[in-house]
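Working notes, beginning with the structure itself.
Note: hydrogens, waters and symmetry copies are ignored here, and every other heavy atom, side chains too, is used.
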Amino acid sequence: MVKKTPHPHAKAVKQVAKQSAKQAALKAGEFFIFTLLYAVPLYLIFSSTTFLHELAARTSQVFLSLLGKTATLSFNGVPFLHLSGLDVEINNLCAGGLELALLTGFIFASRDRSKAHRAKGIAAGFFFFTAFNAARIAFTINAFGTPWFEPLHEALFRAVLIIGLVTFYAIWNYWN
């Protein structure tokens, strides 16, 4: 009969792994808390103004013109894009405030990056997300009247924003 004896360093390896798991959990918790500390107030600020709504409407108007569509803009509390036979309200969900607040929170919470790198990330993220969101709105409007409109408008619009947010953050995080 063969007796199995533990490796002399097995206990030390398990202890290091356990300690490493605790450190990873603490780091993840810290990242989550700092993200919330930055994102929640920023989202409340974004929600209390129509600045992002107007920015989304105006940049969407540019993207629509690139797609060959003419849209006029009006304001009735929130911006409306008027196209031939279609009026589009740019509301809180369209404005991208939640995603922009989260992106800013993620970048601020990345305390392992320099302040300069984080500042550049927030500035680049704002410009990227403004264009990305406007393109998403324009492509969704352009799909009006097609079988693609409902899935684009009802489900994929949020997924596309989250994919854009995560992709930008990943590129920024790994860019040195």
Student check: side-chain heavy atoms of [X] and [Y] closer than 4.5 Å:
X    : Y    : result
E30  : F34  : yes
F129 : L161 : yes
L100 : F46  : yes
R136 : L152 : no
V78  : E54  : no
F144 : L83  : no

Would you say [X] has more than 12 foreign heavy atoms packed within less than 6.0 Å of its [atom1]?
X    : atom1 : answer
F157 : CZ    : yes
F149 : CZ    : yes
H153 : NE2   : no

- [ ] Could you give me the CA-CA distance, side-chain angles and deciding distance for L55 and T130, then say whether side-chain contact (heavy atoms from CB on, under 4.5 Å) is met?
- [x] CA-CA 8 Å; L55 186 60; T130 298; 3.7 Å; yes
TODO: Return yes if some donor-acceptor pair links the side-chain N/O of T49 with the main-chain N/O of I45 below 3.5 Å, else return no.
DONE: no
Task: Flag, side chain of E89 to backbone of F80, donor-acceptor distance under 3.5 Å - done: no
Atom pair [atom1]/[atom2] of [X] and [Y] - distance to nearest 0.5 Å:
X   : Y    : atom1 : atom2 : answer
T59 : N133 : OG1   : CG    : 7.0 Å
L81 : T70  : CG    : OG1   : 12.0 Å
Y38 : I107 : OH    : CD1   : 12.5 Å
S47 : L42  : OG    : CG    : 9.5 Å
H82 : Q61  : NE2   : CD    : 10.0 Å

- [ ] Specify the closest pair of heavy atoms between A95 and A56, including all atoms of both residues, with the distance to one decimal.
- [x] CA-CB, 4.2 Å
Open item on the list: Counting the benzene-type ring for Trp, do W172 and H117 have ring centres under 6.0 Å apart?
Closed with: yes
Open item on the list: A cation-pi test, strictly: NZ or CZ of R118 under 6.0 Å from the centre of the six-membered ring of F108 and no more than 45 degrees from its axis. Yes or no?
Closed with: no
